[in-house]
Amino acid sequence: MAKHILILASINGFLVVAVGAFGAHGLESLLDSAALATYETGLDYHMFHTLVLFGCGLLAVNHPDNVQLKFAARLFLLGIIFFAGSLYLLSVTGSSWLGAITPIGGFGFLGGWTCLGWFATTQELSSANK
């Protein structure tokens, strides 16, 4: 499980840099400031949740069969796809119906954080200070 989550985090890390570069160099002259702000919001959430996905992968190294981590990783990925993805598409296409999809990603993020918190409260995490 850890390997798969870390691979997904790596792919998303690559994508967030590529999508960010595309936005900065390819879209800056094509989009108005509101559309660019929407694009950048998607980029921010994509990056933050790529990092937390990476953290889930690192935690899964020591907790490979943990259900909460599996759900958290899946929900963070779902959030990236639906939240960031819909904002990218909304800013580029101007299709306002995509705004209706964005909350699905937001719920994915909330669920991921809930699962990660559930993991933290139910696991004995080792500490060097014990």
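One-based numbering along the sequence shown.
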Any link between [X] and [Y] through a network of hydrophobic side chains (Ile, Leu, Val, Met, Phe, Trp, Tyr) touching at under 4.5 Å?
X: L116; Y: L51; answer: no
X: M47; Y: L27; answer: yes
X: V17; Y: Y88; answer: yes

Distance (rounded to the nearest 0.5 Å) between [X] [atom1] and [Y] [atom2]:
X: F119; Y: T114; atom1: CZ; atom2: OG1; value: 15.0 Å
X: L30; Y: S91; atom1: CG; atom2: OG; value: 11.0 Å
X: H63; Y: T122; atom1: NE2; atom2: OG1; value: 9.5 Å
X: C56; Y: R74; atom1: SG; atom2: CZ; value: 12.0 Å
X: Q123; Y: N62; atom1: CD; atom2: CG; value: 10.5 Å
X: T50; Y: I11; atom1: OG1; atom2: CD1; value: 11.0 Å

_I need the single residue from L87, T93, V92 that forms a side-chain contact (heavy atoms from CB on, under 4.5 Å) with L90. Which is it?_
L87
*Only one of L53, V61, L59 forms a side-chain contact (heavy atoms from CB on, under 4.5 Å) with I5, so which one is it?*
L53
Testing the basics here: between [X] and [Y], what is the closest heavy-atom pair and its distance to 0.1 Å?
X: A2; Y: G57; answer: CB-O, 3.6 Å
X: M1; Y: N66; answer: CE-O, 4.0 Å
X: L43; Y: V16; answer: CD1-O, 3.5 Å

Anything under 3.5 Å between a donor and an acceptor, one on a side chain of residues 101-111, the other on a protein residue two or more places apart or in another chain? List them.
| from | atom 1 | to | atom 2 | distance (Å) |
| --- | --- | --- | --- | --- |
| T102 | OG1 | S86 | OG | 2.7 |
| T102 | OG1 | L98 | O | 3.4 |

*Between the side chain of H49 and the main-chain N/O of Y45, is any donor-acceptor distance below 3.5 Å?*
yes
*Does the Y39 side chain pair with the main chain of V19, one donor and one acceptor, at a distance under 3.5 Å?*
yes
Can you give the donor-acceptor pairs under 3.5 Å from side chains of residues 75-85 to other protein atoms, not counting sequence neighbours?
none

*Among all residues two or more places apart in sequence or in another chain, which pass the side chain to side chain donor-acceptor pair (under 3.5 Å) test with W118?*
none
